[in-house]
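Numbers restart at 1 for each chain; the letters A, B, ... are given by sequence-line order, proteins then strands.
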4 protein chains.
Amino acid sequence: MSDDEKLVGEFPFLPKQERAQAKRNALIESGYALFHKKGYEQTTAKEIAAHAGVATGTFYRYFSDKRQLLMSLLEDKIETFLPPEISWLSSNPVDALASSLEIHYNRIHEFGLRHVLPELLSKDSELAAVLDNARKRIHARIFNGLKKAGEKGLTWDDLDLDTLSWAIMMIVENGLDKTSQSEKPSAYQDIAKLICRMVFPPRVLVQLSKNDAEAE
Amino acid sequence: MSDDEKLVGEFPFLPKQERAQAKRNALIESGYALFHKKGYEQTTAKEIAAHAGVATGTFYRYFSDKRQLLMSLLEDKIETFLPPEISWLSSNPVDALASSLEIHYNRIHEFGLRHVLPELLSKDSELAAVLDNARKRIHARIFNGLKKAGEKGLTWDDLDLDTLSWAIMMIVENGLDKTSQSEKPSAYQDIAKLICRMVFPPRVLVQLSKNDAEAE
Amino acid sequence: MSDDEKLVGEFPFLPKQERAQAKRNALIESGYALFHKKGYEQTTAKEIAAHAGVATGTFYRYFSDKRQLLMSLLEDKIETFLPPEISWLSSNPVDALASSLEIHYNRIHEFGLRHVLPELLSKDSELAAVLDNARKRIHARIFNGLKKAGEKGLTWDDLDLDTLSWAIMMIVENGLDKTSQSEKPSAYQDIAKLICRMVFPPRVLVQLSKNDAEAE
Amino acid sequence: MSDDEKLVGEFPFLPKQERAQAKRNALIESGYALFHKKGYEQTTAKEIAAHAGVATGTFYRYFSDKRQLLMSLLEDKIETFLPPEISWLSSNPVDALASSLEIHYNRIHEFGLRHVLPELLSKDSELAAVLDNARKRIHARIFNGLKKAGEKGLTWDDLDLDTLSWAIMMIVENGLDKTSQSEKPSAYQDIAKLICRMVFPPRVLVQLSKNDAEAE
DNA sequence: TATGAATGAGGGTTCATTCAT
DNA sequence: GATGAATGAACCCTCATTCAT
């Protein structure tokens, strides 16, 4: 399956750029894996290089230092932070939300770098900017979804959308693993229900599910 | 010239134990201040000792290492994490909650170690345990408050209290500073309202404020 | 766009050897320029190659290492060290010497490698030999000039020509820039006068300038 | 002979400050020895520490880096650069100068750092300043000696003292080792004679030695 | 006990040199 | 030949920890 072996007689190479790209990616993946496993400060450039199967010096061909690798890593992976679009207008918002949450929590969990970042933020404003930007995008995405729902007259009419988006983000952003001792199957349903109660007045929820029932 | 040498046969002001205790405290406070300002990894034992006005070696008489100082520090300060008791039963739960939130956010903000901790957790399970324990206490406190309210029939009747407590904790634990660009005066009110909507059905909120009005 | 590719069936302008020679020269010139600007130790092979417009590896086709390039460089440029022939017999030796000095100081100054070499000498006897050889040639040139003047009976009759040549070399070799704060226009004249006093007894100087006056 | 062993029962220490000073000195001496032997760039901080019998880190307690050790070293040793006071007024200036030269050349030779410095000067202006200052002191010392002789009417009356001092400095500063192949016993005498010819008109030299003869 | 000088392993980074393409 | 990515030994420097005083 290796890209290096095709036909007879070996053509053992990718064009230069691709090979370099591959190496760069290997370093990013190694950085990711090791930051994830051991934390950022505890991981050395040497280790990352070794894990990627290249020499120490090669690390510095692709990245000016460890920090810059982290930045690249984040830019590559930051999409993971974005929650999926939430369809508030669906006939059954609780279920829809629950399934969105499940997908998102899994992605977040898979992207295990959240706990690596906080200490760095205070001393690295560029990094902070990258993350802050990601956060703003999440917030905006939630905000816009809610706004559409609001325009249809579905939400509470005295909502502060900014605060609400933020609160949802807080819930969405923090994995379930914190209290994972319980890990009950209905967790996503329960969270979805809570969030819906912040968003919709009860009558809307009833109405929506009635539509749902009729539609069946 | 030392404080310890005056006249003959001087009495040290504090019994030995107390003086040692004072030194220990000075180290903890210095550690706290420096971790806060520069981050945990960026702070050296020497700096902490210097800041506390003792010699480097003295640090190691009181703490086996930097990590252990952090643990002690947390045990001293962890109370700050605990939100104040929330009086869900108050006649005006939104206002009561808003004011509790404000107090708590301020305390959390003042305790600036939150951003120092996460990376350490992954490699130090003992530390994780300390924090997890704090978290459990917060959760329990919220949980119990809600339970009492539930027993009075005030809350939604299909609540999963565990999940709800957790969601409130997520909102409560994460400072407002994240989206601090807005920083509107009504922020606490808005958050409190959202939380109350997760907890109480509308009619209860109406009822409670009616009581409130009548009481006046 | 390369110079090598124009039309079909292009003739390379230079035979292979010449092109190689050109590359070699480019490397030497680049080495010279960079050693001059940044010092020997501070200049990397990569930089020299880049400055010469060739790949790093190409450097090592032409020179076994950086040191060897320096040697070649010196062999190319060492002529600059040689002071111009000094015409002691001229009717006005002071003026003649002054003008020779001016020319030589300028050449020495333009060849800015003097400050690069000394440290290398102690650890590289081959390099030391190259420079020592250059020095011997300078010494010999001065020595022979003086000898001719001596044979005409013009110099002090108790001169040790070896020592005198050496002393002149010391003065000639070290630029004026050391005490350049003064930088007076008469500097070369003054030095020339001093040197002439080491070489000629006063009466010869008088005699020579008398001839000079008569000749006019 | 060690300072550590006196009497019975060992009193194995110097007061703290002295021990620190001793260590600092050991480092300076080691730096000196190694710079001398291998050159500045070729000597590592680790080596200096090892040679001084201390750990690498100890080096950095006493010096911020290698460069700073060099500066201290120079400040310690720079006196060696200063030639001894030259007594131009002595009855036999050639002999007096010859003996001064011999002393100075030996000192210079013993202080083998001259060849270490030049490359550094171009990139380290602080270091350049230290050396420039030393040079100025040498120049001033020679200058003043000459001035006194001039005031007594002993020297050529059309001397530019600045240039003359500089020329003498060039001769004095550069060891004999350059052309050391010859190394004849009369070398100092010969040089002294040359210098005296730059300074004194012949009649003064004659006069002075006549005085000398009479005094005997 | 308190001190702070000393330790030395280990981190980040550079660069002369090689070698597959 | 020419290329330039890759190598890895070696550099500089830091700092957690020890220990003689």
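- Backbone-only contact: C:Y62 has heavy atoms under 4.0 Å from sugar-phosphate atoms and none from a base.
- Looking at A:K66, its side chain never comes within 3.5 Å of a backbone N or O of A:I48 through a donor-acceptor pair.
- Looking at residues two or more places apart in sequence or on another chain, you find a side-chain hydrogen bond (donor to acceptor under 3.5 Å, both in side chains) between C:E29 and C:K77.
- Residues passing the salt bridge (charged side-chain N to carboxylate O under 4.0 Å, His left out) test with C:E47 are C:K38, sequence neighbours excluded.
- In DNA chain F, the stems built from three or more successive Watson-Crick or G-U pairs (distances below 3.5 Å) are E:2-21 with F:2-21.
- The distance from atom CG of A:L70 to atom P of E:dG12 is 13 Å, rounded to the nearest whole Å.
- Annotation: side chain of C:Q42 is not in contact with side chain of C:F35 (no heavy-atom distance under 4.5 Å).
- At least one side-chain heavy atom of A:L74 sits under 4.5 Å from a side-chain heavy atom of A:L127.
- For the atom pair B:D76 CG and B:N25 CG, the distance stands at 7.0 Å (nearest 0.5 Å).
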Using the 3.5 Å cut-off, write out each protein N or O paired with an N or O of nucleotides 9-15 of chain F and the distance between them.
from   : atom 1 : to    : atom 2 : distance (Å)
F:dC13 : OP2    : D:Y60 : OH     : 3.0

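- Residue B:R24 contributes atom CZ, which lies 17 Å from atom C1' of E:dT1 at whole-angstrom precision.
- One interatomic measurement links the two molecules: CG of D:L27 to C1' of E:dA5, which rounds to 13 Å at whole-angstrom precision.
- Mapping A:K23 and C:K23 onto DNA chain F by nearest heavy atom places C:K23 at the nucleotide closer to the 5' end.
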Please set out all donor-acceptor pairs under 3.5 angstrom arising from side-chain atoms of residues 57-65 of chain A, sequence neighbours excluded.
from  : atom 1 : to    : atom 2 : distance (Å)
A:S64 : OG     : A:Q68 : NE2    : 3.2
A:D65 : OD1    : A:R67 : N      : 3.4
A:D65 : OD1    : A:Q68 : N      : 3.0

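- Rounding to the nearest 0.5 Å places CG of B:L69 at 10.5 Å from OG1 of B:T43.
- Taking atom CG of residue C:L69 and atom P of nucleotide E:dA16, one finds them 12 Å apart after rounding to whole Å.
- Separating the CG atom of B:L34 from the P atom of F:dA16 is a distance of 12 Å, rounded to the nearest angstrom.
- Between B:R61 and E:dT1, a side-chain N or O to OP1/OP2 separation shorter than 4.0 Å is absent.
- Residues satisfying the side-chain hydrogen bond (donor to acceptor under 3.5 Å, both in side chains) test with D:S30, not counting sequence neighbours, are D:H51.
- Closest to the B:V54 side chain, of the nucleotides E:dA5, F:dG8, E:dT3, is E:dT3.
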